[in-house]
Amino acid sequence: MSTKKIWDLHMRVSGPLNEEAAEGMRQLAQSIAEEPGVIWKIWTREGETDRFGSTYLFQDLEALETYKAMHLKRLEAFGVTDVTDYVFDIMEELSTINNAPVNDPD
């Protein structure tokens with residue numbers, strides 16, 4: 001098993017997805033790209049609903065837990081309260097066979 005961890009996060013976000021919200025998300029994406037231990041993040045949305053999500057790859061559990069504590073507080077400050085999340089181990093050998101991007105970037 002790899003020491004890397006997946007954090008799968010799901011939430012409901014009310015309010016319009018307008019240019020102001022999109023700019024806020026771009027700024028957030030830039031800040032996340034600089035967080036220690038975050039290898040990558042995939043942003044998701046269920047069609048045109050209010051359901052959003054993210055799947056992150058972290059270097060290790062310590063980095064994940066540090067980021068998670070900060071990010072959940074940030075989401076709460078944004079008014080997001082309907083949040084569910086899961087932490088997964090990565091079966092790296094099998095994932096690599098299927099071209100999963102689980103290796104550190106060069």
Engineer: Quick one: closest heavy-atom pair of Ala63 and Gly37, and the distance?
Structural biologist: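 Minimum heavy-atom contact is CB-CA, 3.7 Å.
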
Engineer: Just jot down the salt bridge (charged side-chain N to carboxylate O under 4.0 Å, His left out) partners of Asp82, sequence neighbours excluded, or say none.
Structural biologist: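 Checked Asp82 against salt bridge (charged side-chain N to carboxylate O under 4.0 Å, His left out); zero matches.
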
Engineer: Got a sec, which residues hit side-chain contact (heavy atoms from CB on, under 4.5 Å) with Asn18, two or more places apart in sequence or on another chain?
Structural biologist: Pro16, Glu20, Ala21

Engineer: Listing request: all ring pair (Phe, Tyr, Trp, His ring centres under 6.0 Å) pairs with a residue in residues 29-53, at least two apart in sequence or in separate chains.
Structural biologist: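 Checked against ring pair (Phe, Tyr, Trp, His ring centres under 6.0 Å) - neighbours excluded - no pair reaches residues 29-53.
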
Engineer: By the salt bridge (Lys or Arg N to Asp or Glu O under 4.0 Å) test, which pairs, at least two apart or in different chains, include something from residues 53-76?
Structural biologist: Lys68-Asp85

Engineer: With sequence neighbours left out, write down each residue that passes salt bridge (charged side-chain N to carboxylate O under 4.0 Å, His left out) with Glu23, or none if nothing qualifies.
Structural biologist: Arg26

Engineer: Quick one: list whatever passes salt bridge (charged side-chain N to carboxylate O under 4.0 Å, His left out) with Asp8, sequence neighbours left out.
Structural biologist: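 By the salt bridge (charged side-chain N to carboxylate O under 4.0 Å, His left out) rule, Asp8 matches no residue at all.
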
Engineer: Taking ring pair (Phe, Tyr, Trp, His ring centres under 6.0 Å) as the cut-off, I'd like each qualifying pair that reaches into residues 6-38, sequence neighbours left out, listed once.
Structural biologist: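 Only Trp7-Tyr56 qualify under ring pair (Phe, Tyr, Trp, His ring centres under 6.0 Å).
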
Engineer: Apply the test side-chain contact (heavy atoms from CB on, under 4.5 Å) to residues Leu57 and Ile6: give CA-CA distance (whole Å), side-chain angles for both, the deciding distance (0.1 Å), then the verdict.
Structural biologist: CA-CA 5 Å; Leu57 178 63; Ile6 292 284; 4.0 Å; yes

Engineer: Is it the case that over 12 heavy atoms from other parts of the model lie below 6.0 angstrom from the CD atom of Glu93?
Structural biologist: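 No.
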
Engineer: How long is the gap from CG on Asp89 to NZ on Lys5, to the nearest 0.5 Å?
Structural biologist: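 If I round to the nearest 0.5 Å, the distance is 3.5 Å.
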
Engineer: Name all residues meeting the side chain to side chain donor-acceptor pair (under 3.5 Å) criterion together with Arg12; count only those two or more places apart in sequence or in a different chain, and write none if there are none.
Structural biologist: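 Arg12: side chain to side chain donor-acceptor pair (under 3.5 Å) contacts with Asp50.
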
Engineer: Can you list everything that forms a side chain to side chain donor-acceptor pair (under 3.5 Å) with Ser95? Sequence neighbours excluded, please.
Structural biologist: none

Engineer: Looking at every non-hydrogen atom in both residues, tell me the closest pair between Leu9 and Met11 and how far apart they are.
Structural biologist: CD2-CE, 3.6 Å

Engineer: Just wondering, do Phe58 and Val38 contact through their side chains at under 4.5 Å, heavy atoms?
Structural biologist: yes

Engineer: If you look only at pairs with a residue in residues 71-93, which of them pass as a ring pair (Phe, Tyr, Trp, His ring centres under 6.0 Å), with sequence neighbours excluded?
Structural biologist: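 Only Tyr67-His71 qualify under ring pair (Phe, Tyr, Trp, His ring centres under 6.0 Å).
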
Engineer: Please enumerate all residues that pass salt bridge (charged side-chain N to carboxylate O under 4.0 Å, His left out) together with Arg51, with sequence neighbours excluded.
Structural biologist: Glu46

Engineer: Could you work out, with side-chain contact (heavy atoms from CB on, under 4.5 Å) as the rule, every residue matching Leu94, not counting sequence neighbours?
Structural biologist: Met91, Ile97

